[in-house]
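Notes for the one structure printed next.
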Amino acid sequence: MRLQTLLQTPSMHQMRVIAGTQGLNREIHSIGMIESPDVANYLKAHQFLITNGYPFTNATTDPATLIQAMHHANCAGLGVKDQRFLDHLPAAVMALANTLDFPIIVTPATELISTTMRKMLTIILSSQTDELSRIVQVNQTLADLLLKDPSYATVLNKCSDLITHPLFLMDSHFRVVSASEDLPMTRHTLTHYLRTETNIDYLNLHTRLTLDYQGQSITIHPLFSAYKENKAFIGILNFDATNSTDQMLAQIVLNTLSFVNSRTDMLNESAFRNQSGFYLNVMDGGISNDLIHKTLKSREIDPSTKFHCATILVTTPHQTLLSNALLEQVQQLTLWFIKEYQTPVIAFSLKQQLVLLINERQNAQHFLLALVNFIQPRLTKPARLIAGYSYSTLPLTELATIYNEAAEALALSRQSQQAVTIYRPKYVKELISLIPHNEAKSFVERVLGGLVGGVSASEQLNLLNTLYGFFYYHQNIAEVAGHLSIHRNTVIYRLKKIEKMLMLTLDDPEQTQTLEMAVLLWHHQQVKK
């Protein structure tokens, strides 16, 4: 209980405060007597010491030193018996007590110190008994409430009534999703403040913190969660961390809401598994188009909407099967990322892969690069996150087609230094194979004939391979150099030499288009040989 509360009880009316009035909000848990000169070595937090003042009459106990030590130990205060040796507290000591907000209280002269101590202890024990009874009652009330499967709002209102503090619940994105009715600000304004003005790294927030907003003290506690990437937070207004009762009641509230949050986690995981099952059935052709359309509409998805398909995977150098913990981490981080930035992306799991359906309105390349850059630093080495995505955008009734494209692109990512790869349509090669051999040969000789004169067969092959890689890797010099195991300056040198020998410029789209077709035909002929 508070020292001020104790002094307000009728049996304490004869006690008066002579210094440190501003410190009467200190907690008092126990009473002690100064019986030895080295009492400073045995101080306890929230302890109130009483003396008749005699130890201050000689050099054995310096009152200023004792008060400094008691303040440092977070003691409740010092009691000095009236009309005994009170005059041995110099004015400097009183000033020090006022500076430290450390209470000095005069106890009745007509009462034995032992009697005063007994009366104070009786009040403290009675208060502690009342507090314990209240805590037990709160715990039982909330336990009974949980059996009724209540909503967050119901739980928060009940908790707020029981602990007499407004409460609000935040999700893992620091968005206020529910609040007690007595919250003095709107959820929207509070969310805006917490997300945009505090600079709190809420993804990595694991400890309690306190901040001020609109004249209110807000204490934020992380709730226990089955997945650390999906934790939630509880906010308590004007929470007194120094009050033991507030601390215990708050812990009961935290335990209650952690239980509700864990139950929500399990429901979300079950929903995710059901969603995965639905899309796997779509891929396997086990559901009719009518049922697909009906299910999508029930999930507020327009059946005509087109999607890119992407697959993401964690790879390690020597580990074929990955740990469930690593897979779970990637899944939770991906779902957190999607929700944090509210992107139009659907996710489901397939074996050890995570499949993403990216709305055609979203830039798939940009999204996947941002996702990889977000997750990769959070993975333990040497785990590597890679992704492949489809070239096509199709309705979800054609999910198998775009998934196959994404799977082939993912296979290319395994062999590439790039983390994200787009599928390369194969129908270009199929069209090339339909061109008559004589016409193809004539076209190649006419366009690439300039590379023959004045160079050896070996150098001619190097130039053509470099040119093929230049087009294959979308004119990415670094990728070409890596594929051919040569320096990027060598690639640039060869390209400039090709421009000079063929008397063209690779910056001209029309010339480049003709040249790319000739190179594809040449490569097709080499493969056939």
Side-chain angles (χ1 to χ4, degrees), residues 227 266-315 319-335 337-339 343-362 364-365 367-368 371-372 375 385-415 420-430:
Y227 311 108
M266 290 187 288
L267 293 174
N268 290 339
E269 180 64 20
S270 178
F272 181 78
R273 293 183 184 278
N274 290 336
Q275 177 168 281
S276 298
F278 168 72
Y279 287 112
L280 290 177
N281 282 328
V282 172
M283 286 176 53
D284 293 338
I287 304 180
S288 67
N289 287 351
D290 288 342
L291 183 55
I292 293 174
H293 289 173
K294 183 178 180 180
T295 305
L296 292 177
K297 288 179 180 178
S298 69
R299 299 180 180 184
E300 299 183 348
I301 301 173
D302 186 347
S304 64
T305 303
K306 295 180 179 179
F307 294 85
H308 283 285
C309 182
T311 56
I312 62 176
L313 178 70
V314 183
T315 64
Q319 191 174 357
T320 305
L321 293 177
L322 301 174
S323 68
N324 289 332
L326 183 57
L327 295 173
E328 194 66 56
Q329 181 187 13
V330 172
Q331 175 182 312
Q332 293 302 325
L333 285 172
T334 300
L335 295 177
F337 185 85
I338 292 171
K339 190 173 181 181
T343 52
V345 176
I346 301 168
F348 65 93
S349 62
L350 173 60
K351 297 179 182 179
Q352 291 202 317
Q353 298 177 10
L354 196 63
V355 183
L356 306 178
L357 303 174
I358 307 171
N359 191 296
E360 63 179 346
R361 301 193 311 271
Q362 175 76 30
Q365 175 84 1
F367 170 78
L368 290 170
L371 177 64
V372 170
I375 296 179
L385 189 70
I386 58 174
Y389 68 102
S390 65
Y391 176 84
S392 307
T393 56
L394 296 172
L396 293 180
T397 50
E398 304 295 330
L399 178 55
T401 300
I402 53 177
Y403 170 77
N404 288 334
E405 289 187 6
E408 292 196 30
L410 185 68
L412 291 176
S413 285
R414 288 177 177 269
Q415 305 166 5
V420 178
T421 304
I422 186 172
Y423 170 74
R424 291 184 170 278
K426 288 184 173 59
Y427 59 78
V428 174
K429 295 181 180 179
E430 295 170 357

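Residue indices begin at 1 and follow the sequence shown.
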What's the separation between atom [atom1] in [X] and atom [atom2] in [Y], rounded to the nearest 0.5 Å?
X      : Y      : atom1 : atom2 : result
Arg414 : Thr315 : CZ    : OG1   : 6.5 Å
Thr334 : Gln329 : OG1   : CD    : 10.0 Å
Leu280 : Lys351 : CG    : NZ    : 9.5 Å
Gln362 : Leu357 : CD    : CG    : 13.0 Å
Asn359 : Thr343 : CG    : OG1   : 10.0 Å

Provide the full list of ring-ring contact (aromatic ring centres under 6.0 Å, His included) pairs with a residue in residues 276-310, sequence neighbours left out, each pair given once.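 Qualifying pairs: Tyr279-Phe348, His308-Tyr389.
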
Which residues pass the side chain to side chain donor-acceptor pair (under 3.5 Å) test with Thr311, sequence neighbours left out?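 Here no residue qualifies.
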
Among all residues two or more places apart in sequence or in another chain, which pass the side chain to side chain donor-acceptor pair (under 3.5 Å) test with Asp302?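 Per chain and number, Asp302 pairs via side chain to side chain donor-acceptor pair (under 3.5 Å) with Ser304.
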
Please report the closest heavy-atom contact between [X] and [Y], naming both atoms and the distance.
X      : Y      : value
Ile375 : Val330 : CD1-O, 4.2 Å
Ser276 : Ser349 : OG-N, 3.0 Å
Ser390 : Ile422 : O-CG1, 4.1 Å
Gln331 : Leu354 : CA-CD2, 4.1 Å

Sort out for me which residue in Leu356, Val345, Leu385, Thr421 forms a side chain to side chain contact (heavy atoms under 4.5 Å, CB included) with Leu368.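 When Leu356, Val345, Leu385, Thr421 are each tested with Leu368, the side chain to side chain contact (heavy atoms under 4.5 Å, CB included) holds only for Leu356.
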
What residues, two or more places apart in sequence or in another chain, satisfy side chain to side chain contact (heavy atoms under 4.5 Å, CB included) together with Lys297?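 Checked Lys297 against side chain to side chain contact (heavy atoms under 4.5 Å, CB included); matches are Pro303.
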
What residues, two or more places apart in sequence or in another chain, satisfy side chain to side chain contact (heavy atoms under 4.5 Å, CB included) together with Ser298?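 Partners of Ser298 by the side chain to side chain contact (heavy atoms under 4.5 Å, CB included) criterion, ordered by chain and then number, come out as Thr295.
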
Would you indicate whether the side-chain heavy atoms of Leu350 and Met283 approach each other to under 4.5 Å?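 Yes, side chains in contact.
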
Can you tell me if Ser270 uses its side chain to pair, donor with acceptor, with the backbone of Met266 under 3.5 Å?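 Flag not set: sc Ser270 to bb Met266 has no pair under 3.5 Å.
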
When the side chains of residues 393-407 are checked against the rest of the protein, which donor-acceptor pairs come out under 3.5 Å, sequence neighbours left out?
from   : atom 1 : to     : atom 2 : distance (Å)
Tyr403 : OH     : Gln353 : OE1    : 3.4
Asn404 : ND2    : Ala400 : O      : 3.1
Glu405 : OE1    : Tyr391 : N      : 2.9
Glu405 : OE1    : Ser392 : N      : 3.0
Glu405 : OE1    : Ser392 : OG     : 3.3
Glu405 : OE2    : Ser392 : OG     : 2.8

